[in-house]
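These notes concern the structure reproduced below.
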Amino acid sequence: MIGIFDSGVGGMTVARAIEQLCPDYPLIYFGDIARTPYGSKSPETIQRYAVNNTKFLVDQGAELIVIACNSAASTALPTLNDQFDLPILDVITPAVQQAVQVTKNGKIGIIGTRATIKSTIYEQGITARRPGSKVFSQPCPLLVPLVEEGWLGKRETKMILRRYLYPLRRRQIDTLVLGCTHYPLLKQLIAPRIGRRVQLIDSSIAVAHTLRTFLAGHADPAEKLYQPQAKSRFFVSDLTETAGQLAAHIFGRPITLEKVNV
Ligand code: DGL
């Protein structure tokens with residue numbers, strides 16, 4: 001099984017994208033709702049959570065891990081690679097690759113949690129691949145709680161987005177990386193507020209493409225992971241009122257969430 005984790009429901013945008021591109025590869029999802037948000041916590045704490053989550057997924061039979069959380073990927077990828085002997089894909093590298101491919105004027109905006117923006121991982125990745133690029137970053141700490149609350153179309157969410165996006169608009173970016181897997185749920189609100197000519201990079205879709213390419217090029221573990229009859233399972237560390245609704249919204253069908261203690 002392919003193991004995927006996030007701090008909450010945001011990583012389900014990645015799970016959905018993978019399900020659409022790699023339908024015969026079942027998933028084990030873990031959303032750490034009890035401890036969300038990660039993005040406002042220290043790197044040490046996020047690393048500890050990421051190790052716990054990966055252990056849980058491996059115990060459930062995961063043979064490949066997708067870190068469907070930018071905050072965890074930006075702080076914990078080296079730790080996970082040190083501690084676990086299995087392939088680990090992250091959401092950041094594919095988004096960086098896509099951003100440098102699509103930008104024309106080299107002005108790229110990044111929105112993400114405080115942890116992700118503070119790590120400067122996007123700036124480093126972008127300027128290494130496209131020297132001379134100008135990267136403008138904006139932490140958006142209020143967006144994850146708004147999404148987890150299901151406030152996807154509320155006036156308050158629109159106002160907060162306008163405020164976060166204004167500085168990036170002024171920089172005349174032509175590409176904006178949604179550097180948090182919760183943000184694809186706000187895409188319809190972000191697009192008109194940043195300007196229709198700005199290309200949005202959705203890291204959930206980017207990582208699904210990377211996974212498909214990885215599976216095509218690696219018979220081991222692809223053959224083990226190919227289980228067309230098996231069903232995906234979705235675990236959470238807390239069952240909130242909105243989690244099930246958001247999961248159904250993302251997948252377009254009811255999703256059974258199983259509560260576990262990790
Ligand atoms: N979806 C996570 C990310 O991509 C949200 C992090 C958080 O819980 O703050 O960064």
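Reckoned from all heavy atoms, side chains included, excluding hydrogens, waters and symmetry mates. Counting convention: from 1, in listed order, for ligands and their atoms alike.
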Task: Electrostatic pair E258:K231 at N-O distance under 4.0 angstrom - done: no
- [ ] Using side chain to side chain contact (heavy atoms under 4.5 Å, CB included) as the criterion, list what pairs up with T256, not counting sequence neighbours.
- [x] none
Task: Any pair counted as ring-ring contact (aromatic ring centres under 6.0 Å, His included), so long as it reaches residues 239-262, sequence neighbours left out - done: F234-F251
Task: F5/F56 aromatic ring centres below 6.0 Å - done: no
Distances for all N or O pairs of ligand 1 and the protein under 3.5 Å?
residue  : atom   : partner : partner atom : Å
ligand 1 : 1 (N)  : D6      : OD1          : 2.9
ligand 1 : 1 (N)  : T181    : OG1          : 2.7
ligand 1 : 1 (N)  : H182    : ND1          : 2.8
ligand 1 : 4 (O)  : N70     : N            : 2.8
ligand 1 : 4 (O)  : N70     : ND2          : 3.1
ligand 1 : 4 (O)  : T181    : N            : 2.9
ligand 1 : 4 (O)  : T181    : OG1          : 3.3
ligand 1 : 8 (O)  : S7      : OG           : 2.5
ligand 1 : 8 (O)  : Y38     : N            : 2.7
ligand 1 : 9 (O)  : Y38     : N            : 3.2
ligand 1 : 9 (O)  : G39     : N            : 2.7
ligand 1 : 10 (O) : N70     : N            : 3.4
ligand 1 : 10 (O) : S71     : N            : 3.1
ligand 1 : 10 (O) : S71     : OG           : 2.8

Atom pairs and distances, donor-acceptor, side-chain atoms in residues 219-227, under 3.5 Å, two or more places apart:
residue : atom : partner : partner atom : Å
D220    : OD1  : K224    : NZ           : 3.4
Q227    : NE2  : K224    : O            : 3.1

- [ ] Please confirm whether the backbone N or O of Q199 pairs with a side-chain atom of T175, one donor and one acceptor, at under 3.5 Å?
- [x] no
